[in-house]
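Some notes on the structure that comes next.
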Amino acid sequence: MYLTLCDKIGAILREHTGKADAMLTDGGDHADVASTIAFSLAKEYKKAPAVIAKDIVNAIREQVMQDTGATTLAVGPYVNFIFGNKYCSDVLSLAVRDGYGAGQTKSERVVLEHTSANPNGPLHVGHIRNTIIGDTLTRCFRKAGYPLEVQYYVNDMGRQIAIVAWGIATQGADINAEGKGDHLIADVYIEANKNLDKDSTLNEEIDKLMQRVESGDPETISQFKIPVKRCLDGFKDTLAAMQVKHDRFVYESDFIRNGDTEKLLSRISHLPEAKIEETLSLDLTNYGFEKNYILRRSDGTSVYAARDLAFHIWKGHNFDRVIDILGADHKLIGTQLQATLNILGEKAPEIVFFEFVSLPEGSMSTRRGKFISADELIAETERRALEEVTVRRPELDETERKKIASAVAISAIRYDIVRTIPEKSTVFDWKEALDFEKQSGPYIQYAHARACSILDKAGTFTPCYEAEGEGEIVLAKQIALFPKVINDVVNELKPHLLAIYARELADIFNSFYHAEPVLRAEEKTRNRRLTLVDATRNTLKEALETLGIDALRAM
RNA sequence: GGGCCUGUGGCUUAGCCAGGAUAUAGCGUCGGGCUUCUAACCCGAAUGUCGGGGGUUCGAAUCCCUCCAGGUCCGCCA
């Protein structure tokens, strides 16, 4: 609705001025949409922008009203457009329907890879930034109508895994011990690294393991596979707790076994950029990379990058759009991958990079055991949430309180992570993670629960799809923006836009709630406001679900 | 040393790519508001050299140059 009207206004402006760009911009407090086109015409027309704006308004006002129902006003040099009653009515009748905000079904198939942490220890608060960004994008794409498959790329044959396998074999660790597998593997991995640091000659044993696994030695393969599986089972539990699910786990080693990596290396070796020495590498200096991109080691084994290329070629052949979520430490290798796929004439992935999450005392490290695991974070947040729920709703039984606390905790965690732009590195802060107030997931859930509560008390009513008075109109217009926001997230791969949108919707609803009585209003107003509350409730629900947060009906 | 990212009130943060109307919001501080639809809330106040310096432009937080600070990468690791 919003975009449609903007398109129509843009077309009218372009036709009237003959300019290719209508210079439409956000109207802020002044308008629903505005144009700054008068500035750019000032020189050409040799007139003051404010005069030009006035002329434009006089010329197009009637047509804009006819085509869109919007009022056109000149405010200084700005041409402002304010949408009318019909816009609010149309929006409200759409917004009360289940699935509001969903785009038309698209045919473009999308594959999105996220998390893909090495199976050498539990997911920590750094990894889950990847997870939350990826899962929120996933939900936005699906909301926008795209068929999408989410993949986890399992590194099941790298050096880290070899170190785990070696640790199990040499340290007497019980791989079948009770408990969560990912934490068990971390203990082995940390100890193995200590042992390797003490005696660097032991690294030869790791090299041997890697050679054996790549050559297909069955015993070594199973030596790797067992800890990988235990670790992944732990990951799946953690991910499920955060409402995250992958459609497919793709194993790196499959691209060795099926010959794709060998085929890729052969193709690479025929490229003009190829450097065949003891190793096989690519000289990408013409593409702005200083160092050679090594793909095969001198002992004949493939490097991670080679398997990753094979994996991406496979993705490119099976999907129309390939998206990866990667930490900023992968920037170099990620852009080298893109460049190489371009040289090969294959589809290169779009990559969303996010900066690091560190601890107040420094950066996290699985190897050194310095991290806060996602499991710890979830447990602690749930504990705090349960305290909060118990204070607020002492009359509820424990099962009910725990259910709410769990949803509140995941909401707080997911929202806290997704609200910050990925380019900004962050320092993990318990105080902020455990904050259930303003600018938090629970705050938005609370606004939703409030709306539900009003509607529960209201009983049946006759819908009235209108907005009257500033408070109602501002709320209706915010509701109208939801489909646009989903669109923006998908086009720009920026999930934080949805987080901010949902919070602003909750803000506006809370102000409305305090300013305008609903249940106590006289009949026509009551019906109108109840309809608005219902539209808000539904939009909050859809937005929360797209953020991977439970839209609780009561808190 | 080179590449990339970041720097916005005491703290956290949006806006920057596609330059325009008094720079967004939260925490904290101060002052109000629960016999009234859930106070995980609302209303109001104070707090800003948008890291520094140049430049482009009618107009710069936004574009260009430069410097400073922090993070990160530059491995036959992933």
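Here is the naming used below: chain letters follow the sequence lines, and residue numbers restart at 1 for every chain.
Salt-bridge check for A/Arg297 with A/Asp207: failed, with every basic side-chain N at 4.0 Å or more from each acidic carboxylate O. Looking at A/Glu388 and A/Arg384, a side-chain N of the basic residue comes within less than 4.0 Å of a carboxylate O on the acidic one, giving a salt bridge. A salt bridge does not link A/Arg212 with A/Glu214: none of the charged nitrogens is closer than 4.0 Å to a carboxylate oxygen. Between A/Glu204 and A/Lys208 there is no salt bridge, since none of the side-chain N atoms of the basic residue sits less than 4.0 Å from a carboxylate O of the acidic one.
Sorted by first and then second residue, the ring pair (Phe, Tyr, Trp, His ring centres under 6.0 Å) pairs involving residues 502-523 of chain A (not counting sequence neighbours) form an empty list.
Residue order along RNA chain B, read from the 5' end via each residue's closest nucleotide, puts A/Ala34 first among A/Ile294 and A/Ala34.
Not a single ring-ring contact (aromatic ring centres under 6.0 Å, His included) links A/Phe224 to another residue, sequence neighbours left out. For A/Leu493, the side chain to side chain contact (heavy atoms under 4.5 Å, CB included) partners two or more places apart in sequence, or in a different chain, are A/Leu137, A/Phe141, A/Arg321, A/Ile323, A/Glu350, A/Val352. Considering only residues two or more places apart in sequence or on other chains, A/Arg401 meets the side chain to side chain contact (heavy atoms under 4.5 Å, CB included) condition with A/Leu386, A/Val389, A/Thr390, A/Leu396, A/Glu398. Partners of A/Ala328 by side chain to side chain contact (heavy atoms under 4.5 Å, CB included), not counting sequence neighbours, listed by chain and number: A/Glu355.
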Output a table of nitrogen or oxygen pairs between the protein and nucleotides 12-15 of chain B separated by less than 3.5 Å.
residue: B/A14; atom: OP1; partner: A/Ile421; partner atom: N; Å: 2.9
residue: B/A14; atom: OP2; partner: A/Lys424; partner atom: NZ; Å: 2.4
residue: B/G15; atom: OP1; partner: A/His496; partner atom: NE2; Å: 3.0

With the criterion being N/O to N/O and under 3.5 Å, what pairs connect the protein with nucleotides 28-34 of chain B, and how long is each?
none

Show each protein N/O and nucleotides 56-65 of chain B N/O combination with a separation under 3.5 Å, one pair to a line.
residue: B/C58; atom: OP1; partner: A/Lys43; partner atom: NZ; Å: 3.0

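Spacing of P atoms, B/C67 relative to B/U49, comes out at 25 Å, to the nearest Å.
For RNA chain B, the residues of residues 115-125 of chain A within the heavy-atom distance limit of 4.0 Å (strictly under) are A/Asn118, sorted by number. Only A/Glu516, A/Pro517, A/Val518, A/Leu519, A/Arg520, listed by number, bring a heavy atom of residues 515-522 of chain A to less than 4.0 angstrom from any atom of RNA chain B.
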Please report, to 0.1 Å, the donor-acceptor pairs under 3.5 Å made by any side chain of residues 278-285 of chain A, with sequence neighbours excluded.
residue: A/Asp283; atom: OD1; partner: A/Thr285; partner atom: N; Å: 3.0
residue: A/Asp283; atom: OD1; partner: A/Thr285; partner atom: OG1; Å: 2.8

Residues 427-436 of chain A side chain polar contacts: donor-acceptor under 3.5 Å, at least two apart:
residue: A/Asp429; atom: OD1; partner: A/Lys431; partner atom: N; Å: 2.9
residue: A/Asp435; atom: OD1; partner: A/Glu437; partner atom: N; Å: 2.9

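The partner of B/G1 is B/C74, judged by Watson-Crick or G-U wobble contacts that both fall below 3.5 Å.
Closest to the side chain of A/Arg159, from the set B/A78, B/C42, B/C77, is B/C77. When distances run from any side-chain atom of A/Leu332 to the nucleotides B/U38, B/C74, B/C76, the shortest one goes to B/C74.
Heavy atoms of A/Val389 sit under 4.0 angstrom from at least one base atom.
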